[in-house]
Every structure is written in structure tokens, then in C-alpha cells.
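A quick write-up on the structure given underneath.
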Amino acid sequence: ISTDMHLILVPTDLVLSTKIIRETVATKRTVYSKDIWNFQTPPLDYTAFDYKSQRSDTTPPTILSIASKNPTIALIDTPLCSVRQLPGRHHKDPAFEIGATVSDDLSETKVKIFIGTYSEGSDVVVSTPMTGFILTSKNKLVSGTRLYFTLVAENSQGLTTVSACELPTYDTTLPLGWIKPSYLLSSHPSYISAALMVNEDFGLETDQEEFF
């Protein structure tokens with residue numbers, strides 16, 4: 001049996017954003033807002049202590065779900081692990097966050113993550129080690145299809161516990177759509193109307209609205 005304590009420094013995440021605001025006497029509206037640069041340092045893992053014993057461990061590790069660091073953002077969750085695509089990132093630089101609490105009262109535990117396009121599959125990512133309760137990764141994943149994440153926790157005795165969670169899709173494209181005016185000509189000096197159609201394979205959130 002062995003046990004250790006790891007201290008993990010949460011990585012630094014720097015985001016450079018640009019915003020254009022149109023301000024008049026009566027109104028103030030955001031015309032354009034976008035993140036143009038993002039930088040994230042890898043987590044720092046420090047071993048506080050490492051203890052080994054001759055006692056045998058006859059039970060596998062346990063895995064419990066963990067809440068999101070941002071409680072205002074819902075996670076796509078199963079009873080054992082949670083995964084979500086991080087919002088607000090450039091569509092060419094996406095990232096996902098997966099979290100789980102793995103514990104073993106007697107043994108050291110290692111966790112690996114497998115990602116596939118089918119349940120318990122590994123055709124996308126064969127194996128990625130996970131240290132700490134939450135892993136943020138910028139691995140290149142398949143877009144536009146359901147992804148299955150499998151966590152395998154193994155203790156020093158070789159006993160394993162498996163949990164799974166999934167994303168309905170991994171979005172790496174911008175929304176598409178069109179605007180169709182209701183009419184070509186109008187005599188009204190300050191009013192027009194049009195129909196807007198937006199196509200997106202993931203959930204849409206309204207960041208800003210602008211009326212002219």
C-alpha cells in the first residue's frame with residue numbers, strides 16, 4: 001500500500017479581449033466583443049509526501065462527481081464524472097474540462113482518460129493521465145459528433161474503477177445563418193424588419209444585440 005499528497009497549482013489563464021462600444025446621449029451598446037488571444041500555463045504538481053506500507057489493499061478506488069468551478073455554467077453530468085466544453089474560447093482553439101473525485105483510503109491511485117466516438121471507446125484519445133480533481137485540455141478532438149469520456153482509476157494493487165461521461169458534440173465551428181428583409185423598400189424613416197435564421201450544432205447563447 002502506498003499513499004502520497006500532491007499539491008497542484010491552478011494554471012494561469014490569460015485572455016486578451018477586444019470590445020467596441022457605441023455610446024450616444026441616450027444609449028450605450030456593445031457593437032463588437034471577441035477574445036483574440038488566450039494563454040494558459042500547465043498545472044504545477046508538487047508531491048508533499050509519499051508513504052508506502054506493506055499492508056495489502058483489497059478494494060478498488062472510488063470515483064465521485066465534482067461540481068464545476070463556475071456554478072453558473074451547467075455541466076453535462078453523469079453520477080460519476082462531469083465534462084464540458086469551455087465557453088468563450090476561439091473556435092480554432094477549443095478546450096474541454098473534465099472533473100471527478102478519485103479516492104482510495106489505502107493505496108496510491110492513478111487516473112487515465114480515454115476518449116472515443118462510442119461508449120468506452122478510445123479512437124480519439126488513447127490515454128491521457130489526469131492529476132488533480134479537474135483536467136483542462138486543448139486536445140484536438142472530433143467535431144460534430146457525440147464524444148464519450150472514460151475515466152479509469154487504478155490503485156497500486158492493480159484494482160480499477162471505471163466511470164464515464166459524454167459531450168453531445170465538440171463545437172469547433174462558427175454559427176451560420178442569414179438575414180432576410182421583410183421588404184425591399186420602406187417609407188418609414190427609422191423602422192425596418194427582417195427574419196433571422198441561425199444554424200448551430202451546439203447550444204446558442206445571446207452575447208449581444210444591436211438594433212439600428
Side-chain angles (χ1 to χ4, degrees), residues 1-13 40-70 73-87 89 93-172:
I1 297 173
S2 63
T3 182
D4 55 27
M5 175 180 287
H6 294 275
L7 301 179
I8 300 177
L9 179 63
V10 177
T12 301
D13 196 352
Q40 186 180 78
T41 59
L44 300 178
D45 192 347
Y46 169 73
T47 302
F49 63 83
D50 189 350
Y51 172 77
K52 293 181 173 59
S53 172
Q54 298 301 319
R55 295 174 56 191
S56 60
D57 187 0
T58 59
T59 58
T62 58
I63 302 179
L64 301 174
S65 63
I66 185 172
S68 169
K69 293 185 294 184
N70 187 348
I73 301 176
L75 290 176
I76 301 165
D77 184 70
T78 70
L80 297 179
C81 70
S82 303
V83 62
R84 67 181 178 118
Q85 183 172 351
L86 294 180
R89 298 180 66 93
D93 185 33
F96 67 89
E97 180 182 81
I98 186 168
T101 301
V102 181
S103 63
D104 193 304
D105 56 350
L106 295 176
S107 300
E108 178 183 2
T109 303
K110 296 182 179 180
V111 181
K112 293 182 179 180
I113 300 173
F114 301 84
I115 306 174
T117 56
Y118 54 92
S119 180
E120 299 185 2
S122 60
D123 55 325
V124 178
V125 175
V126 175
S127 177
T128 297
M130 179 177 178
T131 58
F133 296 145
I134 295 177
L135 172 67
T136 302
S137 175
K138 296 192 291 183
N139 283 10
K140 293 183 179 180
L141 305 180
V142 179
S143 178
T145 185
R146 185 176 294 273
L147 293 177
Y148 298 87
F149 296 75
T150 304
L151 274 69
V152 179
E154 181 179 0
N155 62 17
S156 56
Q157 304 297 307
L159 303 176
T160 61
T161 299
V162 178
S163 67
C165 43
E166 60 187 63
L167 282 175
T169 185
Y170 195 64
D171 193 5
T172 59

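None of these values were measured; they are calculated from a predicted model.
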Using side-chain heavy atoms (C-beta onward) and a distance below 4.5 Å, is [X] in contact with [Y]?
X	Y	value
Asp171	Gln85	yes
Val162	Thr150	yes
Lys112	Met130	no
Asp104	Thr62	no
Val125	Ile113	no
Pro94	Leu86	no
Val152	Phe114	yes

Hey, could you give me the [atom1]/[atom2] distance between [X] and [Y], rounded to the nearest 0.5 Å?
X	Y	atom1	atom2	value
Thr160	Leu151	OG1	CG	12.5 Å
Ser119	Glu166	OG	CD	8.0 Å
Leu141	Ile115	CG	CD1	5.0 Å

Just do the side-chain contact (heavy atoms from CB on, under 4.5 Å) check on Ile98 and Cys165 with the steps written out, would you?
CA-CA 9 Å; Ile98 186 168; Cys165 43; 3.9 Å; yes
Using 4.0 Å as the upper bound for N to carboxylate O, is an ion pair formed by Glu154 and Lys110?
no
Qualifying ring pair (Phe, Tyr, Trp, His ring centres under 6.0 Å) pairs with a residue from residues 141-167, counting only residues at least two apart or across chains
Phe96-Phe149
For residues Cys81 and Ala100, report the shortest heavy-atom separation together with the two atoms involved.
CB-CB, 4.1 Å
Distance-only, no hydrogens or angles: does the Thr161 side chain make a donor-acceptor pair with backbone N or O of Pro61 under 3.5 Å?
yes
Indicate whether any N or O donor in one side chain lies under 3.5 Å from an N or O acceptor in the other, for Thr117 and Asp123.
yes
